There are 2 protein chains.
Amino acid sequence: MADGYHHGNLRAAVLARAAEVIEREGPYAFSLRSLAADLGVSHTAPRHHFGSREGVLNALATEGYTELANRLRANREAGGGFLESGVEYVRFAAEHPAHFQVMFAPSLLDEDDSELSAARAAAFGELTSGVESMAEEGRPVQDAAGGVVAGWAIVHGIATLALTGNLDSSGVRALLGDADLLTITRRSAGLLFGATGAFPETARE
Amino acid sequence: MADGYHHGNLRAAVLARAAEVIEREGPYAFSLRSLAADLGVSHTAPRHHFGSREGVLNALATEGYTELANRLRANREAGGGFLESGVEYVRFAAEHPAHFQVMFAPSLLDEDDSELSAARAAAFGELTSGVESMAEEGRPVQDAAGGVVAGWAIVHGIATLALTGNLDSSGVRALLGDADLLTITRRSAGLLFGATGAFPETARE
DNA sequence: GCCTCGAACTATACGGCGGAAAGTTTTCGC
DNA sequence: GCGAAAACTTTCCGCCGTATAGTTCGAGGC
């Protein structure tokens with residue numbers, strides 16, 4: 001099925017190979033022509049499935065948001081708190097760096113794509129629903145809205161800094177030793193959420 | 001001086017124009033040829049000053065790290081605490097989005113460039129020196145190392161989310177209203193640092 | 001069992017791109 | 001004012017994304 005004139009599974013093969021290339025060399029090195037050559041098809045074959053280069057990146061981002069939403073939902077259904085949702089967010093970024101990069105590079109995407117918008121909305125819905133479940137658990141929440149943004153920002157910051165190599169710099173390593181990424185995440189985010197998963201009462205004078 | 005065969009100030013003109021284009025359309029859209037056409041020079045003229053397209057981006061990143069270091073130093077010398085350093089970090093990202101993007105896009109840069117490395121090291125030195133000054137102020141610091149990383153992550157996360165348009169999404173706006181970016185930063189980072197600039201004692205059961 | 005029809009893929013062509021090499025113009029040190 | 005270096009141009013190359021027209025394949029109807 002995979003031999004001959006028809007590739008058989010070109011769409012999936014393009015997405016998988018694109019993720020590899022982007023993970024290794026970044027989104028700007030990703031080219032449809034070299035990708036097609038690697039897969040043994042003509043350079044216009046991917047266009048049939050994705051329309052354009054941007055279409056491939058849109059599909060990659062959509063795939064990423066869907067996977068992220070699945071992970072966050074699984075965490076919530078397993079009783080994981082907001083802190084563990086954050087850890088899952090960082091884990092996703094570490095395991096799918098290409099997807100993560102493209103998901104947060106709006107200049108590479110067609111933001112009018114409805115599939116992308118839907119997948120993103122679903123993922124962000126899962127992200128914010130964590131705080132509601134926290135309130136249900138009776139945790140003390142002083143500033144829920146600020147806390148959600150702070151929580152998102154801190155895990156997004158850790159993910160982004162890690163993916164850009166900034167957590168491996170000598171300065172940071174001098175502070176943190178050789179702790180692994182998820183340990184760093186729990187330690188740093190724990191300062192915000194508190195060890196129990198609640199937001200701390202803001203320290204005052 | 002700016003007319004005739006020699007442009008007179010091509011290096012600075014290229015950097016300024018590159019920042020404009022990248023701010024508007026992202027780093028992928030930035031092309032030496034269209035840039036040179038806009039400035040009225042041949043498409044190989046910038047190459048004389050920067051060596052390559054990557055060289056322009058390296059210069060932009062170096063410029064950005066230098067400016068960021070200056071701002072952080074000025075804040076420290078003016079007696080601003082760690083929280084205000086974070087606010088300054090976000091302000092820099094908002095005012096120089098192109099520089100910020102390029103600074104944190106290692107796949108666009110030549111990381112072996114010594115000027116870039118020096119400028120980056122200087123900026124990150126300023127960033128971490130904030131926590132030392134905090135200790136000198138007698139603030140209670142439970143986990144200084146984790147706090148520095150958490151502080152960096154939260155402001156970097158806010159900056160990145162803002163620059164990718166994720167703080168303007170309907171979900172976030174429903175939480176935060178129409179608060180401006182620096183207010184959001186103080187509110188969210190304040191949950192981590194505490195209103196006084198210190199790290200909170202971690203909440204426990 | 002054949003035939004059609006649509007989906008999957010190829011071939012070719014075009015302009016814009018970054019880069020290399022060689023040549024031209026200007027500025028500046030002396 | 002002159003020689004050398006700095007600033008810039010011209011020309012060429014190969015790769016890129018995209019558009020258009022054509023080719024191959026396989027599945028469903030009969």
Side-chain angles (χ1 to χ4, degrees), chain A residues 1-22 24-61 98 102 105 107-110 112-113, chain B residues 1-22 24-61 98 102 105-113:
Chain A
M1 182 184 286
D3 294 333
Y5 195 89
H6 287 72
H7 180 283
N9 202 17
L10 184 56
R11 189 189 151 89
V14 165
L15 288 177
R17 182 75 181 169
E20 286 177 27
V21 172
I22 292 171
R24 206 179 331 114
E25 305 174 55
Y28 305 98
F30 155 65
S31 103
L32 284 181
R33 284 181 108 108
S34 71
L35 197 66
D38 290 345
L39 296 176
V41 296
S42 78
H43 75 275
T44 51
R47 217 172 161 273
H48 181 74
H49 295 276
F50 299 99
S52 67
R53 184 189 129 106
E54 196 179 53
V56 178
L57 298 173
N58 259 63
L60 218 45
V102 173
S107 69
L108 294 176
L109 302 173
D110 172 15
D112 294 336
D113 185 294
Chain B
M1 182 186 285
D3 294 332
Y5 195 89
H6 286 72
H7 180 280
N9 203 16
L10 184 57
R11 188 188 152 89
V14 166
L15 289 177
R17 181 76 180 170
E20 285 176 29
V21 172
I22 291 171
R24 204 177 335 115
E25 306 175 55
Y28 182 73
F30 156 65
S31 102
L32 283 182
R33 285 183 108 107
S34 71
L35 197 64
D38 289 345
L39 297 175
V41 295
S42 76
H43 78 275
T44 51
R47 222 176 155 268
H48 181 73
H49 295 278
F50 299 100
S52 68
R53 184 188 129 106
E54 195 180 54
V56 178
L57 298 173
N58 258 62
L60 219 45
V102 174
S107 69
L108 294 176
L109 302 173
D110 173 15
E111 297 288 341
D112 294 336
D113 185 295

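Since we're looking at a predicted model, the values are computed, not measured. In what follows, every chain begins at residue 1, and chains take the letters A, B, ... in the order their sequences are listed.
- The residue among A/Val41 and A/Arg33 whose nearest nucleotide of DNA chain C is located toward the 5' end is A/Val41.
- Taking atom CG on A/Leu32 and atom C1' on C/dC9, their separation rounds to 15 Å, with Å as the unit.
- Atom P of nucleotide D/dC16 and atom CD of A/Glu25 are separated by 11 Å, given to the nearest angstrom.
- Note on B/His49: every side-chain N or O is 4.0 Å or more away from OP1 and OP2 of D/dA6.
- Residue B/Arg53 is in sugar-phosphate contact alone, with no base atom involved, counting any heavy-atom pair closer than 4.0 Å across all strands shown.
- Atoms CD (B/Glu54) and P (C/dG19) sit 8 Å apart, rounded to a whole Å.
- Here the P atom of nucleotide D/dT24 and the CG atom of A/Leu10 are 19 Å apart, to the nearest Å.
- Residue A/Thr44 is classed as a base contact, given a heavy-atom separation below 4.0 Å to a base.
- Annotation: side chain of A/Phe50 is not in contact with side chain of A/Leu32 (no heavy-atom distance under 4.5 Å).
- A straight line from CG of A/Asn9 to P of C/dA7 spans 18 Å, rounded to a whole angstrom.
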Can you give each donor-acceptor pair under 3.5 Å made by side-chain atoms of residues 105-112 of chain B, sequence neighbours left out, with the distance rounded to 0.1 Å?
residue	atom	partner	partner atom	Å
B/Asp110	OD1	B/Asp112	N	3.0
B/Glu111	OE1	B/Arg120	NH1	2.7

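- Distance B/Leu35 CG to C/dG18 C1': 13 Å, rounded to the nearest Å.
- OP1 and OP2 of D/dC8 both lie 4.0 Å or more from every side-chain N or O belonging to B/His48.
- Interface remark: the B/His43 side chain does not form any donor-acceptor pair with the C/dG16 base, using a distance-only criterion of under 3.5 Å.
- Counting any heavy atom pair closer than 4.0 Å across all strands shown, B/Ser31 reaches sugar-phosphate atoms only and no base atom.
- The distance from the CG atom of B/Leu15 to the CZ atom of B/Arg17 is 13.5 Å, given to the nearest 0.5 Å.
- Counting to the nearest Å, the P atom of C/dG18 and the CG atom of B/Leu57 are 10 Å from each other.
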Run the numbers on B/Tyr28 and A/Arg53 for side-chain contact (heavy atoms from CB on, under 4.5 Å), then give the verdict.
CA-CA 12 Å; B/Tyr28 182 73; A/Arg53 184 189 129 106; 3.1 Å; yes
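- Put simply, OG on B/Ser52 and CD on B/Glu54 are 5.5 Å apart, with the number rounded to the nearest 0.5 Å.
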